[in-house]
Every structure is written in structure tokens, then in C-alpha cells.
Amino acid sequence: MELTGDPRLTRPRVRGAQQAPSAVVFTADVLRVTAPDGAVTAARTPVLVVVHRTKRLGDWQRLLPSTRVRIAARATPPLQPSDRAAAALRVTTGPGPQVVRTPDALQRLAGALRAGLREASDGLSPDARALLPGLVVGDTARVPPDLDDAFRTTDLTHLLAVSGSNLTILLVLLIGPPHLAVRAERRGLAPILGLSLRTTALVGGSIALAFVVICRPDPSVLRAAACGLITLLAIGTGRRRSLVPALAAAVLVLVLYDPWLARSYGFLLSVLATGALLTLAPRWSAALQRHRVPPRLAEVLAAAAAAQAVCAPVIVLLAARVGLVAIPCNLLAELAVAPATVLGFAALATAPFAPPLAHALAWCASWPTEWIAGVARTGAGLPGAELDWPGGWPGALLLAAVTVVLILVGRRLLHRPWLCALGALALLVAIVRPVPITRVITGWPPPGWRVVACDVGQGDALVIAAGDGTALVVDTGPEPAAIDRCLTDLGVRRIPLLVLTHFHADHVSGLPGALRGRSVGAIETTTLPEPPGQAAFVHRTAAAAGVPVTGSTPGERRSTGPLSWEVLWPPVTDPGRTGPSPFPFPSPSSRAVEGANDASVTLLLRTSGLTFLLLGDLEPVSQQALLAAHPDLPTVDVLKVAHHGSAYQDPQLIRRLAPRVALISCGAGNPYGHPAPRTVQALRSQGARVLRTDTDGAIAVLGGRDRLTTTVRAGRRSRARSPGRRRARACTCAGCSSPCRSP
């Protein structure tokens with residue numbers, strides 16, 4: 001096969017208890033197929049290659065387009081029938097790619113230039129080191145998941161996709177503003193260097209072609225290059241050309257050349273944004289200037305608003321959300337895009353022959369790059385950064401209709417400054433979402449909440465109130481964004497102790513989200529470091545945040561504010577042994593800790609007269625051992641059911657605990673059948689009110705021993721996104737269905 005795209009590393013994803021490893025993915029054209037029986041077939045077929053479970057992913061990542069390789073792979077149908085690739089080829093074994101023909105000279109030069117930029121940015125701060133290659137040439141291999149999520153939340157991903165703005169900046173640097181490009185008084189470097197119009201067009205064309213080679217012929221890059229070449233042709237011939245017909249011609253030529261671009265969302269977004277900048281933005285800018293907005297500010301505001309207005313309905317098709325901070329974040333980031341791009345390209349161009357100069361240019365580019373990263377992180381950290389929205393075509397059509405209405409209303413509001421100010425204030429409140437105002441509007445969080453089971457999908461995350469803005473957190477779920485949003489909605493700013501019951505991914509992978517922007521005193525974990533990779537992830541994340549990590553000790557008792565708790569499980573494990581040390585109680589506990597689930601930290605908590613038992617993911621044998629080790633185990637008011645309500649529960653323990661409320665944290669439509677119907681029935685037969693996050697959303701426990709109540713948050717269920725924003729349901733007494741008069 002011959003590679004047609006750059007190999008890229010996928011983001012690791014949580015699948016149940018495990019974090020799926022990263023894989024290398026690239027596109028290629030199959031040229032020859034040798035079947036197991038030796039039959040050889042010549043072909044020219046596009047495929048998608050997925051390389052995983054091999055030890056030498058780095059060898060695959062270093063391959064360049066136009067390289068020919070021989071691989072052994074298993075062919076499977078494409079992910080979607082409408083995919084461009086005829087098949088997906090999965091490589092799971094083998095030492096690495098067998099190169100049959102090296103890449104051509106042009107691709108080697110482009111690869112060397114990109115490698116030089118990466119090397120020049122090696123000594124920069126983490127954010128600048130990750131972002132600078134992405135801003136300049138679209139190389140996002142170093143961008144960490146949290147920063148990538150921040151760019152998605154703030155709709156700044158176009159900066160990492162190498163859109164037409166990059167080429168525009170370079171061409172404007174050469175020819176000056178487009179409306180002056182064919183005049184004698186044109187600006188830019190061309191008149192300074194004494195270049196004629198035709199020479200300027202030839203130099204600009206060379207820059208556009210080099211831009212395509214270095215940054216890869218992605219849809220947005222091709223659209224930008226085609227429009228740029230048509231404009232340069234107008235400059236070279238001395239004839240004016242309207243940019244709208246130039247855009248139309250570029251789209252037509254590109255779709256005729258490659259019809260698959262007609263199905264590319266990236267190409268569609270690029271064309272829509274460019275069309276909005278050419279048609280809507282000038283009119284909106286003129287309208288703003290008529291209302292005494294400074295010209296430069298009016299142009300920037302109109303450009304950002306126009307692009308967002310036409311692109312937002314398409315984005316809803318890809319992700320059911322609307323970004324509320326997209327326009328301000330794009331405005332703030334735009335201040336730094338041009339200097340970062342120009343300095344980055346200068347570093348790329350000088351890296352092969354003047355590495356010290358390239359390092360200096362990259363250091364200068366790091367300042368605007370860090371500004372862009374700061375804008376993305378700050379915008380994504382706001383509680384109302386994005387709003388859930390219906391997905392699919394109905395959601396897109398609804399957003400398009402809402403956008404038209406807002407535009408029509410906005411035209412009238414421009415004549416009423418006070419209404420404009422009130423609208424801006426309302427938007428600011430929606431973005432910042434102060435807890436008191438949010439509580440009044442949505443009913444969440446309920447006043448006096450004691451414990452909240454966050455809706456984090458197929459995983460566990462519990463928050464226990466320990467004072468104003470302070471809480472004990474037990475587990476963090478599978479996704480950082482979900483636990484971060486839950487803690488933000490609850491107003492939690494300080495976490496004296498964060499407990500990770502065990503190291504399975506659905507309990508610990510959200511740790512970066514819990515640490516984000518909060519003061520965390522310490523992290524306490526189980527003493528069994530399994531799986532090793534996820535245990536190492538916890539220690540790396542904690543070390544980067546400067547948070548100490550300690551192991552749990554059975555019998556350990558602590559308290560903070562109104563909250564006190566005791567560690568009941570697991571028993572002490574001898575680090576020098578492969579298994580647990582002898583237990584202080586008889587069989588079957590000697591075989592209780594056989595894996596990560598059985599080593600779950602189990603907590604008995606007391607607050608405001610209520611007793612809670614958090615079982616982690618304990619299996620039946622460990623549940624029996626827990627009961628044997630603590631014969632005086634009391635009945636509890638609230639039980640966090642073990643292992644997401646799986647069928648593997650100890651009936652004797654459930655009878656002994658006799659909980660009034662049973663909390664089950666699981667994801668909607670999970671493939672494991674959680675919670676098991678027989679577990680739910682067993683809990684209800686003991687008189688427990690069973691609440692589950694897959695159907696009820698986030699769950700809050702309130703009140704005290706004499707009046708235990710629960711409140712659930714209605715809305716979108718168990719996504720790796722934020723919970724819904726609808727008003728919380730009315731609270732009900734545990735064990736009955738009659739509504740309470742007060743929380």
C-alpha cells in the first residue's frame with residue numbers, strides 16, 4: 001500500500017474498567033493484495049489502517065505520505081457504509097512496517113521542515129510546545145486530551161486544523177490588504193522588495209503550493225489554496241475579481257476533482273465560514289460602525305459572529321451542543337493568531353540551516369501561543385461554556401431558526417442600548433452561572449445536600465458535603481469533563497481528601513477534571529496497584545498537580561466539618577508479597593482480595609445523623625469477608641451499591657445493612673446489563689428506595705435521620721458530557737412516593 005495521509009495517534013478511551021490503548025490510524029491506497037493461498041490481486045483502493053496492540057507504534061508514526069509499505073492485516077468492513085475507505089485494515093501483530101519504497105523528495109522535505117519546527121519548540125512550556133506545531137502546520141500529536149477538550153468546548157479547533165486563515169496571514173504579509181493588492185499603493189513585503197504584480201503573483205502561488213505540501217491537502221487547506229490562487233491570478237493579470245465568484249469556482253473545481261469533499265464536514269465548515277466572512281461580515285461590520293463601534297473592533301466582531309452563526313447548525317450535527325463562549329474566545333484568541341503563525345512559519349523555515357535562530361523564533365512565538373491556550377482553558381472552565389442542544393437534523397434546523405430570530409431581534413436591539421446591556425448581562429450570567437442564581441432557576445444543587453452521586457456515565461463519582469464549598473470526593477468517573485462539571489455545579493472549590501476506591505478506569509480516569517482549578521489536600525487510594533498502568537496514571541497526574549498520594553489503612557478514622565468516616569476495607573497488603581497478608585479474621589476472607597474490584601476502599605460515613613456505606617466494586621466473596629470482619633456493622637441509611645448494581649451481590653450483606661436508599665451509578669445503555677434486575681429487586685424487597693444515574697440523572701441525598709429525602713436532576717442521562725440543565729424534580733421521602741413539603 002501507499003500512504004495517502006499522516007499517521008496519527010488516537011486518544012485512549014475508557015471501555016468499562018479498562019482504558020483502551022492508543023492506536024495509530026492513517027489512510028492509504030492498497031496496490032496489491034496477497035491472499036493466504038498465495039493469490040495476488042492488483043488494486044487501487046482507499047483503506048483506513050488501524051495499528052494497535054503492537055509495541056512499536058513510534059515506527060508507524062514516523063511514516064510519511066507517498067511511502068509504500070507491506071503489511072499483514074485483517075480486513076474488516078468500513079465503520080460506515082458511506083465511508084470513503086473501502087475497508088478497515090487492522091494490524092495487531094508484527095515488528096513494524098516493512099518499507100518497500102521511501103517517500104518522494106517533496107514529502108521528505110516537508111517532513112524535515114515539520115520535524116525542525118517540533119525540535120525548535122522542544123524547550124518551550126508544555127502548552128506552547130504542544131500548540132505551536134498545531135497552529136502552524138496542524139501537527140496535533142503533542143496536544144494533551146485536556147487542552148484538546150478545551151479547544152473543542154470553546155470552538156477554537158479550527159486553529160489546530162490549519163484553515164485558510166493561516167494562508168491568508170502569509171499572503172497578506174506578502175501583498176497587504178486584498179482590496180489594495182492590484183493598486184500601485186499596495187502594501188506588504190512585495191512593494192518593499194520591489195516585486196512587480198506578476199512576480200508577486202508567482203511568489204504568492206509558490207507560497208500557496210508550499211503551504212499545501214507542508215500542511216497536508218486537507219479540505220480546508222485545499223479550499224484556502226484554491227481561493228488564494230484565483231485571487232493571485234487576478235493580481236497577476238491586473239484584473240479585479242470578486243471573492244465570492246472565486247470561492248464558488250474553487251469549490252466547484254475541488255468537488256469535481258475529488259467528489260468525496262462534498263461529504264466532508266470539514267470542507268463544508270470551511271466553505272460556510274469563508275462565505276459568511278465575504279457576505280455577512282461586511283454588512284454586520286457596517287451596521288456596528290453606524291452605531292459608533294470602532295472600525296477595527298466592528299470588523300472583528302462581525303467576522304466572529306458571522307462565522308459562528310453559519311457554522312453552529314453544522315456543529316450541532318457533529319456534537320449535540322452549542323458553545324456560548326465561542327465568539328468571545330475567538331475574539332480574544334484572534335489577537336495572538338497572526339503573530340504566532342508568522343513567527344512559527346519563520347521558525348519552520350529557518351530550522352534546517354539556522355537552528356539557534358529557529359529556537360529564538362519559536363520562543364518568541366510561545367508568548368502568543370500560551371495566550372491562545374490560556375483563552376481556551378479559561379473559556380472551557382466556565383460553568384456555562386456550552387449548552388446541551390438536540391442533535392441531528394432536527395437540532396440543526398432548530399438552531400438555524402433560532403439564529404435567524406436572534407439576528408432579526410438583534411437588529412432592533414441595536415437601537416436600544418439598555419436592552420443590549422440587559423441581553424449581554426443575561427448571557428454573562430448564563431456563562432458564569434453563579435450557584436445562588438442557578439439554584440433558583442434550576443433547583444440544583446438543592447439546599448442542604450449531603451451526598452451527590454454525579455451522573456458521569458458508566459462509572460462512579462460521589463461528592464460528600466464537608467462545609468461551604470468543601471467536599472470529600474470518592475472516585476472520579478471515566479471522563480474528566482463530567483466530574484469537573486458536577487463539582488462546578490455543586491460549588492465545590494476545596495477537596496480535603498479525594499478517595500479512589502481502586503484503579504479501574506471507570507473510577508480514576510476523570511481525576512484531571514476533579515483536580516482542575518481546585519485545592520486538593522491529598523489523594524487516598526487502595527493499596528493494590530492494579531492495573532499497573534492506571535495506577536501509574538494516578539500517580540503521574542497527582543505529581544503534576546502537586547498532590548500527595550497515600551494508601552488506605554483499615555480502621556483509619558478521619559473527620560472534617562460535619563463529616564466523619566472510617567475505612568473498613570481492604571485489609572493490609574504486604575508490598576513484598578504477591579497476594580494479601582494474613583487477615584485478622586477467618587476464612588473465606590483469606591481469599592477475598594483477588595483483584596482490583598475486591599481491593600476497593602470501603603468507607604462508612606456519618607453526617608447530620610445519616611449513615612452511608614460506600615462499597616466501591618466489591619465482589620460477593622469480599623462482601624462476605626467484610627461482614628465477617630465487622631460483625632457489628634450497623635444498618636445504614638444510604639448504600640452505594642457495589643459494582644454499578646451488578647448481579648454479583650451478597651444477599652446476607654444486603655439484609656444486614658437494610659438501607660433506606662440505594663444509589664446505583666451506571667451509564668445508560670451500558671453493555672454490561674448494569675444494574676441487574678435481580679439486584680434491584682433484592683434491594684427493593686428490603687424496603688430500599690433504588691435510585692440510578694442512568695434513568696434518574698444526578699442524585700442528591702438531603703435531610704437527616706428523621707427526614708431523609710432525595711432529589712434527582714432530570715435531563716440528559718449518563719453521558720461523558722455535562723448533565724442536563726432542566727429543573728430538578730421534586731424531592732420525595734425515602735421509601736414512599738409522596739412529595740415532601742420542603743427539602
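Model, not experiment: these values are computed from the prediction. Counting from 1, the numbers follow the sequence of the chain as shown.
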Residues two or more places apart in sequence or in another chain: which of them pass side-chain hydrogen bond (donor to acceptor under 3.5 Å, both in side chains) with [X]?
| X | value |
| --- | --- |
| N330 | H158 |
| S509 | Q19 |
| D650 | none |
| H630 | none |

Inter-residue atom distance [X].[atom1] - [Y].[atom2], 0.5 Å rounding:
| X | Y | atom1 | atom2 | result |
| --- | --- | --- | --- | --- |
| N597 | E619 | CG | CD | 4.5 Å |
| W569 | S622 | CH2 | OG | 5.0 Å |
| R494 | D468 | CZ | CG | 11.5 Å |
| H644 | Y672 | NE2 | OH | 9.0 Å |
| D148 | L156 | CG | CG | 11.5 Å |
| E370 | S125 | CD | OG | 3.5 Å |

Problem set entry | Pairs touching residues 676-687 that satisfy side-chain hydrogen bond (donor to acceptor under 3.5 Å, both in side chains), sequence neighbours left out |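 side-chain hydrogen bond (donor to acceptor under 3.5 Å, both in side chains) check on residues 676-687 returns no pairs.
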Scan for disulfide bond (SG atoms under 2.5 Å apart) pairs involving [range], sequence neighbours excluded, and state none if there are none.
| range | value |
| --- | --- |
| residues 423-463 | C454-C486 |
| residues 491-522 | none |
| residues 503-557 | none |

Exercise. Do the ring centers of H643 and H504 come within less than 6.0 Å of each other?
Worked result: no
Exercise. Would one find more than 12 heavy atoms of other residues, nucleotides or ligands at under 6.0 Å from atom CH2 of W371?
Worked result: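 Not buried by this count: 12 neighbours or fewer within 6.0 Å.
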Problem set entry | Ion pair R558/E524, N-O distance below 4.0 Å |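 Yes, R558 and E524 are salt-bridged.
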Problem set entry | Lys/Arg-Asp/Glu bridge criterion (N-O < 4.0 Å) met for R516, D146 |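 Salt bridge between R516 and D146, a charged N being under 4.0 Å from a carboxylate O: no.
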For this session: Verify whether one side chain among D598 and H502 offers a donor that lies under 3.5 Å from an acceptor in the other.
Result: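 On atom types as modelled, these side chains do not qualify, holding no pair under 3.5 Å.
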For this session: Please name the pair of heavy atoms, one in Q649 and one in P651, separated by the smallest distance, quoted to 0.1 Å.
Result: O-CD, 3.3 Å
For this session: Output yes when a side-chain donor or acceptor of E566 lies under 3.5 Å from a complementary backbone atom of R557, and no otherwise.
Result: no
Problem set entry | Expected output: side-chain T526 to main-chain A599 donor-acceptor under 3.5 Å | yes
Problem set entry | Identified side-chain contact (heavy atoms from CB on, under 4.5 Å) partner of F612 from the options D637, T607, L639 |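 Only match with F612 under side-chain contact (heavy atoms from CB on, under 4.5 Å): T607.
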Problem set entry | Residue among V638, L605, V601, D475 satisfying side-chain contact (heavy atoms from CB on, under 4.5 Å) with L614 | L605
Exercise. Stepwise, does the side-chain contact (heavy atoms from CB on, under 4.5 Å) test hold for L615 with L626?
Worked result: CA-CA 10 Å; L615 291 177; L626 173 68; 3.9 Å; yes
Under 3.5 Å donor-acceptor pairs involving side-chain atoms of residues 535-549, not counting sequence neighbours:
unit_1	atom_1	unit_2	atom_2	d
H539	ND1	A535	O	2.9
T541	OG1	F537	O	2.8

Problem set entry | Residues L462, V452; criterion side-chain contact (heavy atoms from CB on, under 4.5 Å); working and verdict | CA-CA 6 Å; L462 277 84; V452 169; over 6 Å; no
Seminar exercise, completed: Contacts of A380 meeting side-chain contact (heavy atoms from CB on, under 4.5 Å) (sequence neighbours excluded), chain-then-number -> A150, T153, T154
For this session: Mind checking salt bridge (charged side-chain N to carboxylate O under 4.0 Å, His left out) for D155 and listing every partner two or more places apart, or none if nothing turns up?
Result: R321
For this session: Kindly write out the residues that satisfy salt bridge (charged side-chain N to carboxylate O under 4.0 Å, His left out) with D460, not counting sequence neighbours, or none if the list is empty.
Result: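 For D460 the salt bridge (charged side-chain N to carboxylate O under 4.0 Å, His left out) partners, ignoring immediate neighbours, are K640.
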